[in-house]
Protein chains: 2
Amino acid sequence: MGQEGVGVDLETSLGYLLKEASSALRAAMEEVLRPLGMSVTHYSCLELLAQRPGLSNSELARGAFVTRQTMNVLLQALERDGYVTRPAEAPVGKALPTRLTPRGRQSLEKASAAVRSVEARMLAGLTGTEQSDAFRILQRMIHSLHGDNEGA
Amino acid sequence: MGQEGVGVDLETSLGYLLKEASSALRAAMEEVLRPLGMSVTHYSCLELLAQRPGLSNSELARGAFVTRQTMNVLLQALERDGYVTRPAEAPVGKALPTRLTPRGRQSLEKASAAVRSVEARMLAGLTGTEQSDAFRILQRMIHSLHGDNEGA
DNA sequence: TGACCCATGTCAGCATTCTGACATAGCTTG
DNA sequence: CAAGCTATGTCAGAATGCTGACATGGGTCA
């Protein structure tokens, strides 16, 4: 189409490239999760629960980078379908600790393998040093964006 | 809350970190664009048009990482509000080349400055070498995710 | 030329996520 | 102890984005 070599500056923006990479990763994850009937947020929630059992709704929301209202909708569906359980009453405060059911754990296994293969494909062609560099640089970007770089 | 140092493996995943960085960038952009009454997709569309005048709806969609249906809805609103113009009939094929109006260009100026300040904050604390490394590594990740690494 | 394929623009319906708002639990502080 | 602050869970409504579907323009190829 109309994409002759017009002067394009977006191609030099790290922000744009970051968005592109994240979009590509999300698309690749959706592609392998769709056959399993699972969305990315769906999977993120289960994975978080597998690694940190007993997380509350709000904690899961922060870990999956969505609002607690969005996570609440998802948790209600997951609970209804028998993937997770929450106590009827909060043991302390209002936070309801959530846990995977055996069914949830089983469902996660296949999804987790699929996602790991996507991440492996993404990292193929990167040396160990490059992966360490990427990790350190991304962490520093996040730190700066959160405004933790005051008074300096 | 319940976040004592439980063993967490998500903290070692580059995919998770990439999602976190992208989420932080998006949140920071939304924060500075909100006072201007502009969303991230809204801004992305205008910025693309400023750098590549005459892009079609489908091309804009690919550049902003949304579907062409989503971009079409946005373009109709932008056209209605006088930020962009599209010819009534396609000069060739079905693609309608879109262009910024003076009003659109003026609206973009403030937004572009705000977004540049966010990107500058994100990159603060990174050396020139680190920025080049990040650029190269992200490009390679995107390339691998798109499956361009066959036969090897 | 005609059949086929691909890309585009667009309409309609659905899914997902967000913002706003409210009540409650627990901690902090005077 | 009482007031205030923060965090949480939850409901309701709105915005945003996506999937599915259809018609059309243009190129390819037998």
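Here is how names work: the chains are called A, B, and so on, in the same order as the sequence lines, proteins then strands, and each is numbered from 1. Being a predicted model, the structure only gives us computed values, none of them experimental.
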*Between D:dT6 atom P and A:Arg68 atom CZ, what is the distance in whole Å?*
14 Å
*Return no unless some side-chain N or O of B:Ser39 is found under 4.0 Å from OP1 or OP2 of D:dT16.*
no
*asked:* Quick check on DNA chain C: between A:Met71 and A:Val92, whose nearest nucleotide comes earlier from the 5' end?
replied: A:Met71
*Between B:Leu55 (CG) and C:dG9 (C1'), how many Å, whole number?*
16 Å
*Rounded to the nearest angstrom, tell me the gap between atom CG in A:Leu74 and atom C1' in C:dT16.*
10 Å
_Check the orientation of B:His42 and B:Tyr83. Use parallel for under 30°, tilted for 30 to 60°, and perpendicular for over 60°._
perpendicular
*Please check if the side chain of A:Glu119 supplies one atom and the backbone of B:Leu14 the other of a donor-acceptor pair under 3.5 Å.*
yes
*Taking atom C1' of C:dT10 as reference, at what distance in whole Å does atom CG of B:Asn57 sit?*
9 Å
*Can you check the A:Glu30 CD to C:dT17 P distance for me, whole Å?*
9 Å
*Can you tell me the distance, in whole Å, between the CG atom of B:Leu33 and the C1' atom of D:dA15?*
17 Å
*Mind calculating the distance between CG (B:Asn72) and P (C:dA7) to the nearest angstrom?*
18 Å
*Across the strands shown, which category fits A:Leu96 at heavy-atom distances under 4.0 angstrom: base, sugar-phosphate, nothing?*
sugar-phosphate
*Let me know the distance between CD of A:Gln76 and P of C:dT17, rounded to the nearest Å.*
14 Å
*Indicate, with a heavy-atom threshold strictly under 4.0 Å, whether B:Thr70 touches base, sugar-phosphate, or nothing.*
base
*asked:* Of the options D:dG9, C:dT10, C:dT8, whose atoms approach the side-chain atoms of B:Arg86 most closely?
replied: C:dT10
*asked:* One thing to verify: whether A:Arg52 and A:Glu59 come together as a salt bridge, which I'm taking to mean a side-chain N less than 4.0 angstrom from a carboxylate O.
replied: no
*asked:* On the nucleotide C:dT17, are OP1 or OP2 found under 4.0 Å from the side-chain N or O atoms that A:Thr67 carries?
replied: no
*Are B:Glu109 and B:Arg105 within salt-bridge range, i.e. N to O under 4.0 Å?*
no
*For A:Thr41, report the nucleic acid contact type (base, sugar-phosphate, nothing); a contact means any heavy atom under 4.0 Å.*
sugar-phosphate
_Could you check whether any side-chain N or O of B:Ser107 sits under 3.5 Å from a backbone N or O of B:Arg103, counting only pairs where one atom can act as donor and the other as acceptor?_
no
*Looking only at N and O atoms, is any donor in the side chain of B:Gln69 or the base of D:dG20 less than 3.5 Å from an acceptor on the other one?*
yes
